[in-house]
Amino acid sequence: MIEQIIFIICLASVGYIAYKRIRRIIQNIRLGKDEVIKDNPSQRWQNTLLIAFGQKKMFDRPLVGLMHFVIYVGFLIINIEVLEIIIDGIAGTHRLFAPILGGFYTFLINFFEFLAVGVIVVCAIFLIRRNILRVKRLHARELTKWPLTDANLILTFEILLMLAFLTWNASDTVLRERGVEHYNIAGIGSFWFSGILSSLFEGWNTTTLIVYERFAWWFHILGILGFGIYVTYSKHLHIAMAFPNTYFARLLPKGEMRNMPVVTKEVRLMLGLPETTNGSSDTSVSPESADATPGRFGAKDINDLSWKNLMDAYSCTECGRCTSECPANITGKLLSPRKIMMDTRDRMEEVGQQIESGKEAFTDGKSLLDNYITREELLACTTCNACVEVCPVSISPLDIILELRRYMIMEESSAPGSWNAMFSNEENNMAPWKFSPSDRFNWADQLKSGQ
Amino acid sequence: MSETINFQVPTMAELMARGEEPEVLFWVGCAGSFDDRYKKVTIAFTKILNKLGIRFAVLGTEESCTGDPARRAGNEFLFQMLAIQNIEVLNGYNIKKIVTACPHCFNTLKNDYPALGGNYEVLHHSQFLQQLINEGKIKLQGGGEFKGKRITYHDSCYLGRANDVYEAPREVLQALDAELVEMKRSRRHGLCCGAGGGQMFKEAEPGNKEVNIERIEEALNTNPNIVAVACPFCMTMLADGIKNKEKETEVKVYDLAELIDKSL
């Protein structure tokens, strides 16, 4: 009875902490500008199924894709077992589903155990890849301290949770076979993987066995609940965010840049043209409507970005596929698309904490630009879209880079000298180079003279 | 084809004066107009259009930069100034279909202009040439001079990832009956030449290598006779890379239009 009460208290506390944390994350994302993303739901569901559920882009690298798939399926399916554990915990029952499901229950647990072993093996390989083989994309300037610890904690914790699950089954099996009351449930067959481990427990006396069984059970469920909260502070949040993030990812050609209707209005006025165009004004991608107050041009801080950019940052699990394909990063420049996402998230968390502690947000004198992302990083981008193309969860670091550039150029006019020269050529000569516009058609002379 | 073609480059202004409409507007672009190397591509493409008797026109001196480098560098005002003026010209001539040899112009005209009131059917010259080959209008004589040559194709970002055009340029090259070899990073994973996003017009940020050197090393690893490109910036960057490696006598950089024109 006491055990049940403690369990319910734990469950309620975790629920409360998780609720507060999720609310904080949603509020942080809402710090971003409004952007209406409602178009083409069927295409969006298709992407969610293929790219998020189906992990299509993960298989760009087939072996790692497959290994990741094992953890993913393990996570999804083994968590079905958590339902039984929670009901058992509340009701004080033991393996409640076993009598109901009969022989299928034995099959299910065997299947979960198979996946658990798979998860342990893959997590071990991932730890080796990260720490011993030192795969290049998992070691970078931005992956020191907390991000490095975070990654190793996640993998270690997953191994421990699965070991708890397996040894729980093993010790439980021995107790059941001894006919100990409460564990003595008829109709459960043998478990293949934990059966191997059972031999470890056979020499133990029943009391010690019960203590271990209870320890493993509590460790497993509290571990899962605790991990659930940990995840919301970790890069591992991608396990939840990957799905909405893929759903809301842009469907337009990657080459298209977000229009700025405020600028259109001003330019048309300047050129003496009527305000409206006869074109399709695609407002679905415009964070500000033409009659809204312009605010800043481009982005200096997270609240100048769209909420989708901010959701992107919470979806990033720092895998670094983007950075490993970034031409700037490959050639030793400071830019790393992964760092752009990590910086955006860190700044969001910082502002979120200010709000939590009752301070007014954005009054700390800091901003995403300069305090997190430097100009050198922004200027190194070739806008090649390699980072956007490879991201397994459809994040766009490029969108953030371009918005920050807009701020640099339009609000501060702080372009490198050679860009200023290019701008002035464009303005005066209608070409990025210093040629006279009247010479633009000279190329044809040679052709027309009959060569 | 006949050798005594009298090449024509009609402008929209001339056509309008005659009350004619072209099938397609050839958008030449700044590099195509001013860059000495890329002018050859412009001329090659114009020759193809002439040889096939396609009713085309150019804007001539009425054309301006699409604004792509300004927009990607962050200067939205400048971009929209150029874009809206171009759209006024294009809409004034009632243009419906545009072909261009520059992926940056292609992307901007196709994707960025609609929100500003410019709606056209826009083709990159690789798509246009592919259509002509598929329709049987381009017939290469026995494969032409590139038969059996090793050609590697460099995907430009604004054609490939930006617009998912991966196959058209390759199909054009296959018509040459050449041996097409792929670099390790190609199609979706193709490595940028280093010039996009305004980089063409500034020094690279500090690093340990130039992007075009990284790319040309990869291209040279395929032992090509020709590196085929479909973009003026890629052409500059890769040609510079080849010069840096002192391979300019063995390996040539050509645009798709040049390869087709020479084989026609």
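Lettering of chains follows the sequences in order, A, B, ..., and the numbering in each one begins at 1. Quick caveat, the model's predicted, so the values are computed rather than measured.
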J.: Step through the shown structure and confirm whether more than 12 heavy atoms of other residues, nucleotides or ligands are within 6.0 Å of CD on Gln43(A).
T.: yes
J.: Taking side chain as everything from C-beta outward and backbone as N, CA, C, O, which of these in Lys39(B) sits under 4.5 Å from a heavy atom of chain A? Side chain, backbone, both or neither.
T.: side chain
J.: Is it true that the side chains of Arg61(A) and Ser324(A) contain a donor and an acceptor less than 3.5 Å apart?
T.: yes
J.: If we define contacts as heavy-atom pairs under 4.5 Å, which of Thr42(B), Asn86(B), Ile213(B) has the most with chain A?
T.: Thr42(B)
J.: Got a sec: does the NZ of Lys56(A) have more than 12 other heavy atoms crowding it under 6.0 Å?
T.: no
J.: Only pairs of heavy atoms separated by less than 4.5 Å count here; which of Glu214(B), Glu76(B), Lys40(B) has the most with chain A?
T.: Glu76(B)
J.: Ring-plane angle category for Phe423(A) and Trp419(A), please: parallel below 30°, perpendicular beyond 60°, tilted otherwise.
T.: tilted
J.: Do Asn309(A) and Asp399(A) have a side chain donor and acceptor closer than 3.5 Å?
T.: yes
J.: Please lay out, stage by stage, how Arg137(A) and Thr323(A) fare under the test side chain to side chain donor-acceptor pair (under 3.5 Å).
T.: CA-CA 7 Å; Arg137(A) 83 181 143 91; Thr323(A) 295; over 6 Å; no
J.: Could you look at Pro437(A) and say if it's the side chain, the backbone, both or neither that has a heavy atom under 4.5 Å from chain B?
T.: backbone
J.: Given the rule in the side chain to side chain donor-acceptor pair (under 3.5 Å) test, do Ser424(A) and Glu427(A) qualify, once you have shown the distances and angles that lead to the verdict?
T.: CA-CA 5 Å; Ser424(A) 97; Glu427(A) 217 174 316; over 6 Å; no
J.: Met270(A), Glu389(A), Lys254(A): which one forms the most heavy-atom pairs within less than 4.5 Å of chain B?
T.: Glu389(A)
J.: Tell me, for Phe106(B) versus chain A, whether the close heavy atoms (under 4.5 Å) come from the side chain, the backbone, both or neither.
T.: neither
J.: Relative to each other, are the rings of Tyr113(B) and Phe79(B) parallel, tilted or perpendicular (30° and 60° limits)?
T.: tilted
J.: Name the member of Ile330(A), Val390(A), Leu402(A), Asn442(A) that forms the most heavy-atom pairs with chain B at distances under 4.5 Å.
T.: Ile330(A)
J.: Angle between ring planes, Tyr158(B) versus His104(B), binned at 30° and 60°: parallel, tilted or perpendicular?
T.: tilted
J.: Give, as side chain, backbone, both or neither, the part of Ala31(B) having an atom under 4.5 angstrom from any heavy atom of chain A.
T.: both
J.: Which bit of Asn75(B) is near chain A, if near means a heavy-atom gap under 4.5 Å: side chain, backbone, both or neither?
T.: both
J.: For Lys308(A), I'd like to know if atom NZ has over 12 heavy atoms of other residues, nucleotides or ligands within 6.0 Å.
T.: yes
J.: Which region of Leu271(A), side chain (C-beta onward) or backbone (N, CA, C, O), has a non-hydrogen atom less than 4.5 Å from a non-hydrogen atom of chain B, or is it both or neither?
T.: side chain
J.: Can you tell which part of Gln80(B) gets under 4.5 Å to a heavy atom of chain A, answering side chain, backbone, both or neither?
T.: both
J.: Check whether Arg215(B) gets within reach of chain A through its side chain, its backbone, both or neither, counting any heavy atom under 4.5 Å.
T.: neither
J.: Do you see a donor-acceptor pair shorter than 3.5 Å between the side chains of Asp255(B) and His125(B)?
T.: yes
J.: Is the distance between the ring centroids of Trp443(A) and Phe34(B) less than 6.0 Å?
T.: no
J.: I'd like to know if the side chain of Asp112(B) pairs up with that of Asn107(B) as donor and acceptor (distance under 3.5 Å, no hydrogens or angles considered).
T.: no
J.: Which region of Lys110(B), side chain (C-beta onward) or backbone (N, CA, C, O), has a non-hydrogen atom less than 4.5 Å from a non-hydrogen atom of chain A, or is it both or neither?
T.: side chain
J.: Are side-chain N/O atoms of Thr108(B) and Arg71(B) paired as donor and acceptor at under 3.5 Å?
T.: no
J.: Would you check if there is a donor-acceptor pair between the side chains of Gln199(B) and Thr382(A) at a distance under 3.5 Å?
T.: no
J.: Under 4.5 Å, heavy atom to heavy atom, which residues of residues 55-70 of chain B contact chain A?
T.: Val58(B), Gly60(B), Thr61(B), Glu63(B), Ser64(B), Cys65(B), Gly67(B), Pro69(B), Ala70(B)
J.: Taking Leu404(A), Val267(A), Leu378(A) one by one, which has the highest count of heavy-atom pairs under 4.5 Å against chain B?
T.: Val267(A)
J.: Determine the option with the most heavy-atom pairs under 4.5 angstrom with chain A, choosing from Gln85(B), Arg161(B), Lys209(B).
T.: Arg161(B)
J.: So which of Gly29(B), Cys157(B), Ala204(B) has the largest heavy-atom pair count under 4.5 angstrom toward chain A?
T.: Cys157(B)
J.: Relative to chain B, which of Val388(A), Ile401(A), Asp60(A) shows the most heavy atom pairs under 4.5 Å?
T.: Asp60(A)
J.: Taking every non-hydrogen pair under 4.5 Å, which of Thr331(A), Ile409(A), Leu335(A), Leu334(A) racks up the most with chain B?
T.: Thr331(A)
J.: Is Met257(A) in contact with chain B via its backbone, its side chain, both, or neither, using a 4.5 Å heavy-atom distance?
T.: both
J.: Measure Thr11(B) against the heavy atoms of chain A and call it side chain, backbone, both or neither at under 4.5 Å.
T.: side chain
J.: Any Lys/Arg nitrogen of Asp164(B) or Arg188(B) sitting under 4.0 Å from an Asp/Glu carboxylate oxygen of the other?
T.: no
J.: Tell me, out of His189(B), Arg185(B), Glu203(B), who's got the most heavy-atom pairs with chain A below 4.5 Å.
T.: His189(B)
